[in-house]
K.L.:
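Okay, handing you the structure first.
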Number of protein chains: 2
Amino acid sequence: MIDEIDRKILTLLQSNCRQSIAEIGDAVGLSASACHRRIGILEKDGVIERYAARLNGEKLGFNMTFYVEVTLEGQSEAILSAFEKAALARPEVLECHLMTGIADYLIKVAAPDTKEYERLYRRVIAALPHVSRIQSALVMKTVKRWGGYPPRKA
Amino acid sequence: MIDEIDRKILTLLQSNCRQSIAEIGDAVGLSASACHRRIGILEKDGVIERYAARLNGEKLGFNMTFYVEVTLEGQSEAILSAFEKAALARPEVLECHLMTGIADYLIKVAAPDTKEYERLYRRVIAALPHVSRIQSALVMKTVKRWGGYPPRKA
DNA sequence: GTTGAAAGTAGAAAGTT
DNA sequence: AACTTTCTACTTTCAAC
């Protein structure tokens, strides 16, 4: 279904989706058209979900990134789905994952400074429905971000 | 430096960087050329770091995602930089952050199944230099991923 | 910031192996 | 069935305004 050439194309597109199809074709040994066709299939099949610009948070004034572990008051379907719906709706929540382990959710947020993070913490995170405990961890340095999926199954 | 229009452009590009500049220009009330010039500046200034295809891990066979907390044997500069260099070099490590809190690093990895994760755990993560403790948490469900930075400072 | 023209790219329709 | 060539419409890019 997804062969070696597709994987090469995907690796190239993950690192730069603005190179021309002709260039990608060259790199994988295919004509632009054949390459274009494969990319179309990968898009249609949902392997490629979107093409996005990736920004530098610090240059935008987001100097602090946090991973926040959120524990809820319970784990009933109603509680989980109310929390998820609210988290999805908040643009400040950059990522949100339901986790195994001690806390229920792991969310990622960014803030310009501690003052703004305090606001975020009180008005946004703590205000999400059914939150019972919050534990924040600050990212001091991001060593690697945006690592694409490796070309072969890990 | 970055004004309201730039923020709108960035929001649009974060959700879809393949729409034409003319479309983006229309959406923000600018000619294609003016829009193009602004985007060029945002790229040059490093606000836009790259344009990337975002893939669906499950469709690629990566059915499990983990956040792994890694504690090192110490926090000397030599230990930290050796670890970081090795983590950067491993394609299986999708993200790696130096954190405040109990563990030293938070890394994100993906695997097709538990068997492969066990290999990843033993051969990759535990094999990184100076690792003393590893604690894995499995992502059961990703509620929100790829949330772009919000248009206004959080 | 706008307009307009030149170069380049994507997308589709043909034909080829 | 998948690739290649060819062609047209669109898009980017860069003048000059």
Side-chain angles (χ1 to χ4, degrees), chain A residues 1-57 59-61 145-153, chain B residues 1-62 112 145-146 148-153:
Chain A
M1 185 169 175
I2 290 178
D3 65 11
E4 206 54 39
I5 294 177
D6 286 326
R7 273 193 263 270
K8 276 189 195 168
I9 292 172
L10 291 172
T11 298
L12 291 168
L13 286 176
Q14 282 186 106
S15 70
N16 177 18
C17 71
R18 281 231 157 160
Q19 56 200 315
S20 74
I21 290 175
E23 275 181 288
I24 297 170
D26 275 356
V28 303
L30 238 56
S31 72
S33 246
C35 194
H36 178 256
R37 189 183 133 277
R38 279 171 180 265
I39 292 172
I41 292 169
L42 291 167
E43 289 170 357
K44 190 179 61 62
D45 289 349
V47 177
I48 298 172
E49 290 199 357
R50 55 157 49 157
Y51 297 96
R54 315 205 81 166
L55 309 186
N56 182 312
K59 302 247 164 132
L60 283 166
R145 57 181 153 185
W146 311 347
Y149 289 101
R152 302 183 62 79
K153 291 187 184 181
Chain B
M1 187 165 173
I2 290 176
D3 65 10
E4 206 53 39
I5 294 177
D6 286 326
R7 273 194 263 271
K8 276 190 194 169
I9 292 173
L10 290 171
T11 299
L12 291 168
L13 285 176
Q14 282 186 106
S15 71
N16 176 17
C17 71
R18 281 231 159 162
Q19 55 199 315
S20 74
I21 290 174
E23 275 180 289
I24 297 170
D26 274 356
V28 303
L30 236 56
S31 71
S33 251
C35 195
H36 178 253
R37 186 181 309 146
R38 279 170 179 266
I39 291 172
I41 292 168
L42 291 166
E43 289 170 357
K44 187 177 64 61
D45 289 349
V47 177
I48 298 172
E49 290 199 357
R50 53 158 47 158
Y51 297 96
R54 315 205 77 163
L55 310 185
N56 182 312
E58 293 187 9
K59 302 249 164 126
L60 282 167
F62 293 99
R145 59 181 152 184
W146 311 345
Y149 289 102
R152 302 183 61 80
K153 290 187 184 182

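So you know, we letter chains A, B, ... as the sequences are listed, proteins then strands, and number each from 1.
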K.L.:
Could you give the CZ-to-P distance, from R37(B) to dA15(D), as a whole number of Å?
P.N.:
12 Å
K.L.:
Calculate the interatomic distance between I41(A) atom CD1 and dG11(C) atom P; express it in whole Å.
P.N.:
14 Å
K.L.:
Would you name the heavy atoms of C17(A) and A52(B) that are closest together and state the gap between them?
P.N.:
SG-N, 3.6 Å
K.L.:
Counting only side-chain nitrogens and oxygens, does R38(A) get under 4.0 Å of the OP1 or OP2 atom of dC3(D)?
P.N.:
yes
K.L.:
Please tell me if the side chains of K59(A) and D45(B) come closer than 4.5 Å, counting only heavy atoms from C-beta onward.
P.N.:
no
K.L.:
Give the intermediate values and the outcome of side-chain contact (heavy atoms from CB on, under 4.5 Å) for residues L12(A) and V28(A).
P.N.:
CA-CA 9 Å; L12(A) 291 168; V28(A) 303; 4.0 Å; yes
K.L.:
Take nucleotides 12-17 of chain C nucleotide by nucleotide from the 5' end and write B, S or -, depending on whether a protein heavy atom sits under 4.0 Å from the base, only from the sugar-phosphate, or from neither.
P.N.:
BB----
K.L.:
Does any residue of residues 9-24 of chain A have a heavy atom under 4.0 Å from DNA chain C, and if so, which ones, in number order?
P.N.:
S20(A), I21(A)
K.L.:
Under a 4.5 Å cut-off applied to non-hydrogen side-chain atoms, are L60(A) and L10(B) in contact?
P.N.:
yes
K.L.:
For R18(A), look at atom CZ and say whether over 12 heavy atoms of other residues, nucleotides or ligands are found less than 6.0 Å away.
P.N.:
yes
K.L.:
Give every residue pair that meets the salt bridge (Lys or Arg N to Asp or Glu O under 4.0 Å) criterion with at least one member in residues 24-38 of chain A, sequence neighbours excluded.
P.N.:
D3(A)-R38(A), D6(A)-R38(A)
K.L.:
Taking the side chain as everything from C-beta on, heavy atoms only, tell me whether R50(B) gets closer than 4.5 Å to N16(A).
P.N.:
no
K.L.:
For the side chain of Q14(B) and the backbone of Y149(B), is there at least one donor-acceptor N/O pair under 3.5 Å apart?
P.N.:
yes
